[in-house]
Amino acid sequence: MTSRGPEKRVRKAPAERRSEMVTAAARIGLTEGLECVTLRRVADELGVRPGLVGHYFPAADRLVAEAFTSATMAELDSLLPELPELPELPADPGPGGAVRALRRLFSLTSSADFDDVSRLWLNARHLARYRPVLREHVVEQDLLWCRRIERVVAAGVAAGDFRCADPWAAAVRIHVAIDGTSAYVNTGVGHRAAPIADMARTFAEAELGLASGALAPR
């Protein structure tokens with residue numbers, strides 16, 4: 001009989017390997033916290049040597065920042081995709097499309113499914129005080145959130161659904177309201193009951209000239 005030697009490892013393309021590392025780091029950041037994203041921890045997760053991770057990320061802070069962006073970008077694309085990709089809000093939305101998009105957004109962000117990302121944002125805002133690279137990524141993601149919301153608000157104004165003189169300012173304030181309420185994610189479910197749970201939604205309704213409950217889940 002002939003014996004078989006160890007199977008030859010498949011050499012992954014650099015872009016694929018790097019993406020794999022960022023994805024693993026994002027998973028660790030979401031479940032354990034960004035402080036746990038280290039070269040060794042990511043290497044253990046992937047079953048590779050820490051030196052390989054260090055080859056792609058000589059500075060761990062860069063890996064932490066990209067992990068944050070990967071996780072939060074995936075969540076933003078899920079919660080409020082770009083207009084042409086959003087079933088509730090096509091590229092040229094008719095009446096009610098923007099309302100349905102925001103109703104969906106608030107329904108998702110107020111659910112427990114959003115808790116891990118809320119904790120990640122809270123974690124990143126704290127660490128950004130000490131980590132300049134992470135701070136740049138947090139600021140960039142803040143702006144992306146505001147731009148996505150602004151486009152929906154502007155579409156709603158154009159369709160006659162919203163009354164708003166400055167969609168950008170409204171988007172910033174709505175984003176801050178969502179972020180502010182999610183900051184209580186670590187205080188326990190009892191402390192996040194109404195009216196806190198509904199604060200971002202009711203604020204958005206007032207900001208956009210909607211009746212109370214217009215953005216509540218249907």
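- Residues Met21 and Leu52 have side chains in contact (heavy-atom distance under 4.5 Å, counting atoms from C-beta outward).
- Residue Phe106 comes nearest to Ile174 through the heavy atom pair CZ-CG2, 3.9 Å, listed as atom of the first residue, atom of the second, then distance.
- A donor-acceptor contact shorter than 3.5 Å is absent between the side chain of Glu75 and the backbone of Val117.
- For the residue pair Asp161 and Gly97, the shortest heavy atom distance occurs at OD2-N, 4.1 Å.
- A distance of 8.5 Å separates CG in Leu63 from OG1 in Thr38, rounded to the nearest 0.5 Å.
- Here the CG-CZ distance, from Leu39 to Arg49, works out to 15.0 Å after rounding to the nearest 0.5 Å.
- A continuous path of Ile, Leu, Val, Met, Phe, Trp and Tyr side chains, each step under 4.5 Å between heavy atoms, connects Leu108 with Leu105, placing both in one hydrophobic cluster.
- Residues Phe57 and Val133 do not share a hydrophobic cluster, defined by chaining ILVMFWY side chains whose heavy atoms lie under 4.5 Å apart.
- Across every non-hydrogen atom of Gly156 and Ala98, the tightest pair is CA-CB, 3.5 Å.
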(request) Please lay out, stage by stage, how Glu66 and Arg18 fare under the test side chain to side chain contact (heavy atoms under 4.5 Å, CB included). (result) CA-CA 11 Å; Glu66 292 196 26; Arg18 194 179 193 282; 2.8 Å; yes

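- There is no path of hydrophobic side-chain contacts, each under 4.5 Å, that joins Val176 to Leu80.
- Contact record, Cys146 with Ala171: O-CB, 3.4 Å, taken as the closest heavy-atom pair.
- Clustering ILVMFWY residues whenever any of their side-chain heavy atoms sit less than 4.5 angstrom apart, transitively, puts Val153 in a cluster other than the one holding Val172.
- Salt-bridge check for Arg119 with Asp116: passed, with a basic side-chain N closer than 4.0 Å to an acidic carboxylate O.
- Contact annotation: the side chain of Leu208 never approaches that of Arg163 to less than 4.5 Å [non-hydrogen atoms, C-beta and beyond].
- Taken from CZ in Arg173 to CH2 in Trp168, the straight-line distance is 12.0 Å, to the nearest 0.5 Å.
- How far CD of Glu140 is from CE of Met73: 9.0 Å, rounded to the nearest 0.5 Å.
- For the pair Arg218/Arg100, no side-chain contact is recorded, criterion being any heavy-atom separation below 4.5 Å from C-beta on.
- Leu34 CG to Asn123 CG: the interatomic distance, rounded to the nearest 0.5 Å, is 4.5 Å.
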(message) Working note: His137 + Arg131, criterion side chain to side chain contact (heavy atoms under 4.5 Å, CB included); need CA distance, chi angles, decisive distance, verdict.
(response) CA-CA 10 Å; His137 282 242; Arg131 303 189 184 189; over 6 Å; no

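- A salt bridge is absent between Glu150 and Arg147; no separation between the charged side-chain nitrogens and carboxylate oxygens falls under 4.0 Å.
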(request) Give the intermediate values and the outcome of side chain to side chain contact (heavy atoms under 4.5 Å, CB included) for residues Leu134 and Asp61. (result) CA-CA 7 Å; Leu134 177 59; Asp61 277 1; over 6 Å; no

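- Side chain of Ser19 to main chain of Ala15: no donor-acceptor pair is present (N/O by atom type, distance under 3.5 Å, no hydrogens or angles).
- Formation of a donor-acceptor pair under 3.5 Å by the Arg103 side chain with backbone atoms of Ala214 is found in this model.
- A salt bridge does not link Arg27 to Glu32: none of the charged side-chain nitrogens sits closer than 4.0 Å to a carboxylate oxygen.
- Contact annotation: the side chain of Asp142 approaches that of Trp121 to within less than 4.5 Å [non-hydrogen atoms, C-beta and beyond].
- In this pair, Trp145 and His175 present their aromatic rings parallel. The plane angle is below 30°, not in the 30 to 60° band.
- Glu20 places none of its side-chain heavy atoms less than 4.5 Å from the side chain of Glu16.
- Taking 4.5 Å as the limit, some side-chain heavy atom of Asp198 sits within range of a side-chain heavy atom of Arg201.
- Between Phe114 and Leu79 there is a side-chain heavy-atom pair separated by less than 4.5 Å.
- Under the 4.5 Å side-chain criterion, counting only non-hydrogen atoms from C-beta, Gln141 is in contact with Thr69.
- Hydrophobic clustering (side-chain heavy atoms under 4.5 Å, transitive across Ile, Leu, Val, Met, Phe, Trp, Tyr) keeps Met199 apart from Leu102.
- Glu45 places no side-chain N or O within donor-acceptor distance of the main-chain N or O of Ala25, the cut-off being under 3.5 Å.
- Residue Val152 comes nearest to Phe162 through the heavy atom pair O-CE1, 3.9 Å, listed as atom of the first residue, atom of the second, then distance.
- For the pair Val37 and Gly29, the tightest heavy-atom approach, listed with the atom from each and the gap, is CG2-N, 3.9 Å.
- Taken from CZ in Arg125 to CG in Leu120, the straight-line distance is 10.5 Å, to the nearest 0.5 Å.
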